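Structure, as structure tokens:
Computed from a predicted structure; not experimentally measured. What you see below is based on every heavy atom in this structure, not just the backbone, and it leaves out hydrogens, waters and symmetry mates. Order of the sequence lines fixes the chain letters, A, B, ..., with proteins taken first and strands second; residue numbering starts at 1 for each chain.
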Protein chains: 2
Amino acid sequence: MFSPTEENYLKAIYLLTEKDSARAVATNELSAQMNTRAASVTDMLKRLADKRLIHYKKYKGVMLTTSGKSQALAIVRKHRLWEYFLVEKLKFQWDEVHAVAEELEHVKSEALIDKLDSYLNNPKFDPHGDPIPDRLGKLSASGFKNLTSLKVNEKGKVAAVIEQQPAFLKHLDKLHIHMSTPLKVIEHIAFDKSMTISINQTATVNISHEVAKNILITK
Amino acid sequence: MFSPTEENYLKAIYLLTEKDSARAVATNELSAQMNTRAASVTDMLKRLADKRLIHYKKYKGVMLTTSGKSQALAIVRKHRLWEYFLVEKLKFQWDEVHAVAEELEHVKSEALIDKLDSYLNNPKFDPHGDPIPDRLGKLSASGFKNLTSLKVNEKGKVAAVIEQQPAFLKHLDKLHIHMSTPLKVIEHIAFDKSMTISINQTATVNISHEVAKNILITK
DNA sequence: ATTTTATTTTAGACTAATCTAAATATTATT
DNA sequence: AATAATATTTAGATTAGTCTAAAATAAAAT
Ligand SMILES: [Mn+2]
Ligand SMILES: [Mn+2]
Ligand SMILES: [Mn+2]
Ligand SMILES: [Mn+2]
């Protein structure tokens with residue numbers, strides 16, 4: 001149906017507007033996300049517009065059409081299901097799966113992804129806590145809170161990470177912070193916005209604001 | 001390293017010479033196998049020769065170099081491991097897996113294929129009885145016999161199929177002939193070379209020479 | 001309201017992979 | 001050995017996706 005490149009552009013537009021789907025995406029934003037030059041983006045935007053996957057007006061940025069969004073959700077679904085498979089079944093680390101899923105997501109087979117979904121027991125969240133769209137593109141509401149918003153003595157479990165670069169994920173590994181790890185806030189340090197937390201009821205450590213703000217928590 | 005297209009050509013050359021690796025493959029043979037025109041094949045052969053993956057002399061056909069053969073084996077390994085995964089874990093039918101594996105085989109990750117291999121307990125044969133090369137490209141010897149070569153009253157189990165078109169595989173399904181199904185020869189009919197066989201100690205049927213010669217048997 | 005800066009688009013070029021039509025080489029047939 | 005038939009290669013085009021450099025537009029600063 002669509003080429004891997006077209007799929008990657010659609011996914012990139014979707015991910016940039018995941019929080020605010022009414023907003024337009026700028027050419028330079030996309031060129032940063034895709035590691036291509038702005039001129040290449042403009043070319044591709046014309047092609048995606050011809051295929052009615054995006055709304056595009058010169059110089060005005062771009063938004064997904066209904067059809068484009070549903071395509072994008074299908075790719076995100078595949079990406080996240082494959083990530084789940086790689087971690088749960090093949091025992092990859094959570095910092096290793098993104099690059100591989102980036103290729104697997106382009107394999108064209110409805111049957112494959114539906115059977116994979118069943119085989120994995122229809123998981124709702126991927127190894128980074130991101131929601132996995134169902135066959136119809138529907139996302140589970142997560143209602144996670146940012147770690148920085150917890151008060152002293154409040155507890156919770158790690159539910160998702162915002163930043164997902166391997167360097168950040170490996171840093172969390174070193175702190176023994178993983179998906180579902182229980183955390184408790186010991187102190188907020190006003191000076192640098194850092195936090196002291198207890199991890200898994202054992203270690204007590206200080207983490208920077210930069211780290212804390214990239215961790216989402218559930219009960 | 002190599003594009004999916006280059007990989008497909010290498011695999012095609014390998015498969016055409018799997019029985020007799022000393023033999024040269026003709027341009028038209030490849031164009032038939034790849035569903036492209038002869039002119040496209042010639043173009044690609046030049047590129048593969050530049051990369052030292054094949055020995056190519058104009059009008060003289062083509063053979064894999066050592067490097068080309070080891071590349072081809074790596075792709076065949078991926079293809080057959082994915083087929084095994086699709087049948088054993090995702091419950092695909094044996095006539096449905098080839099097309100999907102044709103895409104999965106191009107995913108670039110050593111770790112992925114090694115972990116998949118372990119996860120599947122290092123299978124030696126794919127769902128069609130074809131040997132799965134190991135990490136080093138080594139193939140298990142199979143020693144299967146052609147069903148047509150069995151004498152009356154000789155028994156054996158289905159070990160592999162030569163023809164692998166979905167139409168043929170579905171025909172075998174209808175006869176309840178699958179991998180490992182026990183067969184016994186009841187009679188050879190000289191007139192049309194057809195055979196009467198018992199399937200799974202229950203049904204007794206007559207199968208054409210065309211069918212019989214595409215079934216391989218083990219003890 | 002100009003001018004400067006930043007963003008985006010256009011123009012033109014390149015590579016991989018394909019095609020058709022024409023030219024050339026090889027093989028088979030008389 | 002000459003001719004006919006078949007196989008292969010070359011020539012020239014096309015499309016997707018990319019790039020750099022230049023031109024055009026929009027936004028920010030004076
Ligand atoms: Mn991708
Ligand atoms: Mn993820
Ligand atoms: Mn393939
Ligand atoms: Mn197979």
Between dT18(C) (C1') and Lys46(B) (NZ): distance, integer Å: 14 Å
Just list the side-chain donor-acceptor pairs under 3.5 Å for residues 46-57 of chain A, sequence neighbours left out, or say none.
from, atom 1, to, atom 2, distance (Å)
Lys51(A), NZ, Glu6(A), OE1, 3.4
Lys51(A), NZ, Glu6(A), OE2, 2.6

Rounded distance (Å) that lies between atom P of dA17(C) and atom OH of Tyr9(B): 9 Å
Side-chain H-bond candidate by donor/acceptor type, Glu83(B) with His128(B), under 3.5 Å: yes
d(CG, Leu45(B); P, dT18(C)) in whole Å: 12 Å
Pairs involving residues 33-45 of chain B, ordered by first then second residue, that meet salt bridge (charged side-chain N to carboxylate O under 4.0 Å, His left out) (sequence neighbours left out): none
Heavy atoms from other residues, nucleotides or ligands near CD of Glu18(A) exceed 12 (cutoff 6.0 Å): yes
Taking only N/O atoms, report every protein-nucleotides 2-5 of chain D pair under 3.5 Å with atom names and distance.
none

Ring pair (Phe, Tyr, Trp, His ring centres under 6.0 Å) partners of Tyr9(A), counting only residues at least two apart: none
Set of residues satisfying side chain to side chain donor-acceptor pair (under 3.5 Å) with respect to Lys170(A), sequence neighbours excluded: Asp95(A)
OP1 or OP2 of dA17(C) under 4.0 Å from side-chain N/O of Arg47(B): yes
Difference in axis direction between the ends of the helix from dA1(C)-dT30(D) to dT30(C)-dA1(D), five pairs, 10°: 10°
Residues touching DNA chain C, which here means a heavy atom under 4.0 Å, drawn from residues 17-44 of chain A: Ala26(A), Thr27(A), Asn28(A), Ala38(A), Ala39(A), Thr42(A)
Distance, rounded to the nearest Å, where Glu6(A) contributes CD and dT18(D) contributes P: 10 Å
Partner residues of Phe85(A) under the ring pair (Phe, Tyr, Trp, His ring centres under 6.0 Å) criterion, sequence neighbours left out: Trp82(A), Phe85(B)
4.5 Å side-chain heavy-atom contact, Lys145(B) and Leu216(B): no
Strand-adjacent residues in residues 49-61 of chain A, judged by heavy atoms under 4.0 Å from DNA chain C: Tyr56(A), Lys58(A), Tyr59(A)
Quiz item: cation-pi between Lys89(B) and Tyr84(B), 6.0 Å / 45°: no
Residue pairs involving residues 112-121 of chain B (criterion salt bridge (charged side-chain N to carboxylate O under 4.0 Å, His left out); sequence neighbours excluded): Arg77(B)-Asp114(B), Arg77(B)-Asp117(B), Asp114(B)-Arg135(B)
Partner set under ring pair (Phe, Tyr, Trp, His ring centres under 6.0 Å) for Phe125(B), not counting sequence neighbours: Phe144(B)
Sugar-phosphate, base or nothing in reach of Phe2(B), heavy atoms under 4.0 Å: nothing
Charged N-O contact under 4.0 Å between Lys78(A) and Glu110(A): no
Partners passing side chain to side chain donor-acceptor pair (under 3.5 Å) against Glu105(A) (at least two apart in sequence or in another chain): Lys11(A), His79(A)
